[in-house]
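In each ligand, atom 1 is the first atom listed, and ligand 1 is the first ligand listed.
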Amino acid sequence: MTSRPIYALLGAPVHHSLSPALQNAAFHARGIDAVYVALWTWGELVEPLMRSLALAGGGGNVTVPHKNRAAQALDQPAAAVRATGACNVFWWEDGLGLCGDNTDVAAFRTAAEAVLGSGLDGSRVLLLGAGGAARAVVHACSGSEVEKVDIVNRTPERAEALVRDLGEPSRVEVVDDDDVKASAGTYDLVVNATSLGLAVSDPLPIDPRTVRARALLDLVYGRSETPLVLAARQAGLTAADGRRMLVEQAAASFRRWFDRDPPLEVMFEAAGFAS
Ligand code: NAP
């Protein structure tokens, strides 16, 4: 008897995740005999689970708060992992071992450009958060000709470490709430890369009425639009939640695992989102 390869999302929490719905729909649409599950994972189990799943012919994704730990577990980190120190997709290749990439970088760029209605070049970005997702955002922005990225984080030292680890990119600065309120200029894009919004009881990471901005991208997502997206629209901003980015990073993960085109329309539909 042959067993079906298992692909898993490793993180904590994972109960809100749409990844199993997206990937199982994609596997079905492409006739791939595999299953995708979400596993609530403690830190010390991240590396053993990655290796077991990948060696058995499957693979998976990594989410909050384990992307940095996953990057350290890899035998073959892709360039985006080396640049960001964060890994969100892994698989096995004979002769290479445990391989991983960071598909959040390109997925963020696509989602940001969709909400902006234009390229990231020349834009002024306010980034909330300094975890694994924020690293992907800063890397994507420094690969584009953004005018500036201001980072606000609850723990400023973590934001400073992020800037240091990413090679102190020009035009990227750690600021505080008062700097944002006092900012004379307007931001083109506010990005929420904190985990605030994952729990229903969470406060908003920012009051959109207090910041001069054109658009907002909440990387957090749920079954319906997030409270931050709704508040941003009420304040007159164009806003989108994290579902487009989720689908884009999932589609790129599918390509890494199977070297085939993913069924994008099927994945958007499974996310409850029109492409
Ligand atoms: P992470 O590495 O654990 O970072 C969490 C961030 O949230 C840190 O900046 C942390 O600040 C901040 N934070 C947590 N609790 C807070 C609180 N009570 N008040 C203020 N700030 C708080 O997580 P991550 O991997 O970067 O993911 C962040 C979010 O992005 C998650 O919701 C994740 O689901 C989402 N995401 C979505 C996509 C997508 O495809 N849509 C992709 C990637 C990530 P400190 O540094 O002070 O702890």
Checklist entry - For ligand 1, is A107 a contact, meaning one of its heavy atoms is under 4.0 Å away? => result no
Identity and distance of the protein heavy atom lying nearest [atom]:
atom                    : answer
atom 32 (O) of ligand 1 : V220 CG2, 3.4 Å
atom 21 (N) of ligand 1 : R154 CB, 3.9 Å
atom 42 (C) of ligand 1 : M245 CE, 3.5 Å
atom 43 (C) of ligand 1 : K67 NZ, 3.1 Å

Indicate whether the side chain of [X] and that of [Y] have a donor and an acceptor atom separated by less than 3.5 Å.
X    : Y    : value
N102 : T84  : yes
T103 : D101 : no
N61  : N88  : no

Next on the checklist: Is the ring pair H15/W40 parallel, tilted or perpendicular, if the boundaries are 30 and 60 degrees?
Outcome noted: parallel
Heavy atoms only: which of [options] is nearest to [atom]?
atom                    : options                : result
atom 46 (O) of ligand 1 : L162, N153, N68        : N153
atom 38 (C) of ligand 1 : D241, T194, T155, L219 : L219
atom 25 (O) of ligand 1 : A133, P205, A199       : A133
atom 1 (P) of ligand 1  : V64, T226, T63         : V64
atom 28 (C) of ligand 1 : G242, A193, G197, G131 : A193
atom 14 (C) of ligand 1 : A271, A130, S195       : S195

Checklist entry - Do the two ring centres, one from Y221 and one from H16, sit under 6.0 Å apart? => result yes
Item to check | Ring centroid separation Y7 to F258 under 6.0 Å | outcome: yes
Checklist entry - Are E248 and R109 within salt-bridge range, i.e. N to O under 4.0 Å? => result no
Checklist entry - Salt bridge or not for R124 and D188, using N-O below 4.0 Å? => result no
Select one of side chain, backbone, both or neither to describe which atoms of [X] lie under 4.0 Å from any atom of ligand 1, heavy atoms only.
X    : answer
L246 : both
R158 : side chain
L196 : side chain
R135 : neither

Atom indices of ligand 1, in the order listed, that fall short of 4.0 Å to a heavy atom of [X]:
X    : result
G132 : 2 (O), 24 (P), 26 (O)
L198 : 32 (O)
P65  : 3 (O)
G129 : 9 (O)

Next on the checklist: Is any side-chain heavy atom of S253 closer than 4.5 Å to one of W91?
Outcome noted: no
Next on the checklist: Treating T194 as the side-chain partner and L196 as the backbone partner, does any N or O pair qualify as donor plus acceptor under 3.5 Å?
Outcome noted: yes
Item to check | Within 6.0 Å of CD1 in I6, more than 12 heavy atoms from elsewhere | outcome: no
